[in-house]
2 protein chains.
Amino acid sequence: MNIGQAAKASGVSAKMLRYYESIGLLAQAGRTEAGYRVYSDADVRTLRFVRRARDLGLSLERIKLLIGLWQDDDRASADVKRIATEHAAELRTKIAELTQMCEALEGMAAACHGDHRPECPILDDIARGGQAEAAPNGSKRLGTRREAPGAGAHRAIQGAMR
Amino acid sequence: MNIGQAAKASGVSAKMLRYYESIGLLAQAGRTEAGYRVYSDADVRTLRFVRRARDLGLSLERIKLLIGLWQDDDRASADVKRIATEHAAELRTKIAELTQMCEALEGMAAACHGDHRPECPILDDIARGGQAEAAPNGSKRLGTRREAPGAGAHRAIQGAMR
DNA sequence: GCTTGACCTTCCCATTGTGGGAAGCCCCAT
DNA sequence: ATGGGGCTTCCCACAATGGGAAGGTCAAGC
């Protein structure tokens with residue numbers, strides 16, 4: 001099997017196959033005399049593993065560890081579980097960050113007329129830096145979290161989209 | 001105000017100030033005779049705007065648009081609202097993807113003993129490519145979505161963590 | 001046998017934001 | 001005037017992927 005066929009069979013692009021090999025995630029593929037990479041069914045099984053692990057959002061770093069464990073008959077399932085739960089915890093954190101952003105945005109958007117006029121609570125809110133405008137009359141303040149300024153979590157929120 | 005003070009006052013690093021200027025997100029800052037950048041209070045207000053917008057997960061591309069609208073007295077709030085709702089929709093999509101990943105992982109992890117033994121449903125699940133193992137006895141299949149293979153959403157799921 | 005098109009190879013570049021660091025200049029206080 | 005801290009620019013790195021160029025190879029059809 002050459003790289004294109006392996007790519008099609010595994011769902012991993014040929015480009016990524018070469019890349020994974022270059023970073024040591026995959027072993028160096030065999031070569032024909034002409035220099036073409038050659039893949040076996042076992043290789044394709046590994047590739048599918050990688051593909052599915054990527055679909056779970058795991059980093060290549062962690063996938064590398066998982067492959068090592070997968071191919072190690074003496075592994076401890078605790079090691080696998082730790083990797084999975086660590087990643088799940090990171091996902092939960094990211095989900096919470098994105099949810100907070102999203103709710104803030106949706107709140108602001110709901111308060112915005114969205115017409116031809118320039119008045120816009122969204123811009124006001126962003127410009128105000130997320131601080132309430134002294135709540136003149138008990139307005140709804142949908143967009144902005146009012147309690148818990150969350151002074152420590154600022155840079156943590158950054159990176160959520162990256 | 002020089003760049004360090006503006007950075008401290010706005011919560012945007014000096015490094016990012018220079019970068020934002022270089023990509024045209026911010027206007028070129030004034031300079032002292034020695035070449036030091038000089039910032040005004042108005043500049044700091046803009047920087048805080050950017051900072052807050054970043055905290056909402058907006059791309060610099062969109063922030064650029066928002067700044068333009070913010071400084072345009074003739075803007076239509078609809079334009080602002082569209083940007084906000086588009087971004088919120090993208091966040092919702094990403095949240096859904098991450099949630100799906102996370103639930104799959106948590107399900108697998110829950111099924112894993114996590115001890116010294118090698119048996120591991122997590123690895124089995126990933127290796128099986130997310131397809132049910134022919135459901136021999138109606139087992140719980142916690143980790144894997146069984147219905148809706150979602151054949152179209154594959155590459156869409158990729159990129160969720162990036 | 002030769003051409004052609006599809007495939008393979010390597011190498012470089014771009015993406016998105018951010019940080020790290022080097023080399024060199026500047027400013028202020030001692 | 002000297003030292004330390006701040007400023008300047010420039011390059012590199014990250015994570016994971018795609019795009020594309022320049023060139024070699026294979027197989028099918030003529």
Side-chain angles (χ1 to χ4, degrees), chain A residues 1-26 28-39 47 50-65 87 90-91 94 97-98 101 154-162, chain B residues 1-26 28-39 47 50-64 87 90-91 94 97 101 154-162:
Chain A
M1 222 181 311
N2 60 25
I3 199 170
Q5 297 166 318
K8 203 163 293 183
S10 65
V12 177
S13 73
K15 209 91 193 212
M16 282 304 101
L17 281 185
R18 298 194 194 97
Y19 175 64
Y20 292 166
E21 183 181 321
S22 80
I23 63 169
L25 176 64
L26 304 174
Q28 305 261 323
R31 300 282 184 137
T32 66
E33 282 159 27
Y36 281 26
R37 287 177 181 78
V38 180
Y39 296 88
L47 291 177
V50 173
R51 171 64 150 72
R52 167 77 174 146
R54 287 295 297 139
D55 284 349
L56 289 168
L58 287 150
S59 68
L60 297 184
E61 190 64 40
R62 278 191 173 128
I63 294 174
K64 200 167 175 175
L65 296 175
H87 182 57
E90 287 169 16
L91 286 174
K94 235 168 253 287
E97 289 167 1
L98 297 187
M101 292 174 185
H154 267 318
R155 301 322 290 181
I157 289 175
Q158 298 294 338
M161 294 294 287
R162 280 174 228 156
Chain B
M1 221 181 312
N2 59 27
I3 199 170
Q5 297 166 318
K8 202 164 294 182
S10 64
V12 178
S13 73
K15 209 91 193 213
M16 283 303 100
L17 281 185
R18 297 192 194 97
Y19 175 65
Y20 292 166
E21 184 181 321
S22 81
I23 62 168
L25 176 64
L26 304 174
Q28 304 261 323
R31 300 283 184 136
T32 66
E33 282 160 28
Y36 281 26
R37 286 176 181 79
V38 180
Y39 295 89
L47 291 176
V50 172
R51 169 66 149 75
R52 167 78 174 148
R54 287 295 296 142
D55 284 349
L56 288 168
L58 287 151
S59 69
L60 297 183
E61 190 63 40
R62 279 191 173 128
I63 294 174
K64 199 167 176 175
H87 182 55
E90 287 169 17
L91 286 174
K94 235 169 253 286
E97 288 168 2
M101 292 174 185
H154 267 316
R155 303 320 293 182
I157 288 174
Q158 298 294 337
M161 295 293 287
R162 280 174 229 155

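Just so it is clear: chains get the letters A, B, ... in the order the sequence lines come, proteins before strands, and each one is counted from 1.
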Does A:Arg18 reach the side chain of A:Arg37, with side-chain heavy atoms less than 4.5 Å apart? yes
Do A:Tyr20 and A:Ile63 come close enough that some side-chain heavy atom pair is under 4.5 Å?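 No, every pair of side-chain atoms sits at 4.5 Å or beyond.
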Check every atom of [options] against the side chain of [X] and return the nucleotide holding the closest atom.
{"X": "B:Ser59", "options": "D:dG6, D:dG24, C:dG17", "value": "C:dG17"}
{"X": "B:Arg18", "options": "D:dT17, D:dT25, D:dT8", "value": "D:dT8"}
{"X": "B:Ser13", "options": "D:dC26, D:dT17, C:dG19", "value": "C:dG19"}
{"X": "B:Arg54", "options": "C:dT18, C:dC26, D:dC7", "value": "C:dT18"}
{"X": "B:Ile3", "options": "C:dC7, C:dT10, D:dT8", "value": "D:dT8"}

Would you kindly give the [atom1]-to-[atom2] distance between [X] and [N], to the nearest whole Å?
{"X": "B:Gln5", "N": "D:dG5", "atom1": "CD", "atom2": "P", "result": "16 Å"}
{"X": "A:Asp55", "N": "D:dT17", "atom1": "CG", "atom2": "P", "result": "10 Å"}
{"X": "B:Leu60", "N": "C:dG17", "atom1": "CG", "atom2": "P", "result": "4 Å"}
{"X": "B:Leu17", "N": "D:dC7", "atom1": "CG", "atom2": "P", "result": "10 Å"}
{"X": "B:Met16", "N": "C:dG20", "atom1": "CE", "atom2": "P", "result": "10 Å"}
{"X": "B:Leu25", "N": "C:dT18", "atom1": "CG", "atom2": "P", "result": "10 Å"}
{"X": "A:Met1", "N": "C:dC8", "atom1": "CE", "atom2": "P", "result": "12 Å"}
{"X": "B:Leu56", "N": "C:dG17", "atom1": "CG", "atom2": "P", "result": "14 Å"}

Over all strands shown, is A:Thr32 touching base, sugar-phosphate only, or nothing at heavy-atom distances under 4.0 angstrom?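 Touches nothing.
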What is the nucleic acid contact for A:Arg37, judged by heavy atoms within less than 4.0 Å: base, sugar-phosphate only, or nothing?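 Sugar-phosphate, backbone atoms only, no base.
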May I ask you to verify whether the side chain of B:Tyr19 and the base of C:dG19 hold a donor-acceptor pair under 3.5 Å?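 Answer is no: no donor-acceptor pair is held.
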Is the base of C:dG17 touched by the side chain of B:Lys15 through a donor-acceptor pair closer than 3.5 angstrom? no
Check: A:Gly11 main-chain N/O paired with A:Arg51 side-chain donor or acceptor under 3.5 Å: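 Judged by distance alone, yes, a pair lies under 3.5 Å.
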Does A:His87 reach the main-chain N or O of A:Arg62 with its side chain, forming a donor-acceptor pair under 3.5 Å? no
Hey, is the side chain of B:Tyr20 poking within less than 4.0 Å of OP1 or OP2 on C:dT18, counting only N and O atoms?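 Affirmative; the distance criterion is met.
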Is the CD atom of B:Gln5 crowded by more than 12 outside heavy atoms at less than 6.0 Å?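 Yes, enclosed.
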Mapping B:Lys8 and B:Arg31 onto DNA chain D by nearest heavy atom, which one lands closer to the 5' end?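 So the residue in question is B:Lys8.
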Residue mapping more 5' on DNA chain C - nearest nucleotide basis, B:Glu61 or B:Glu33: B:Glu61
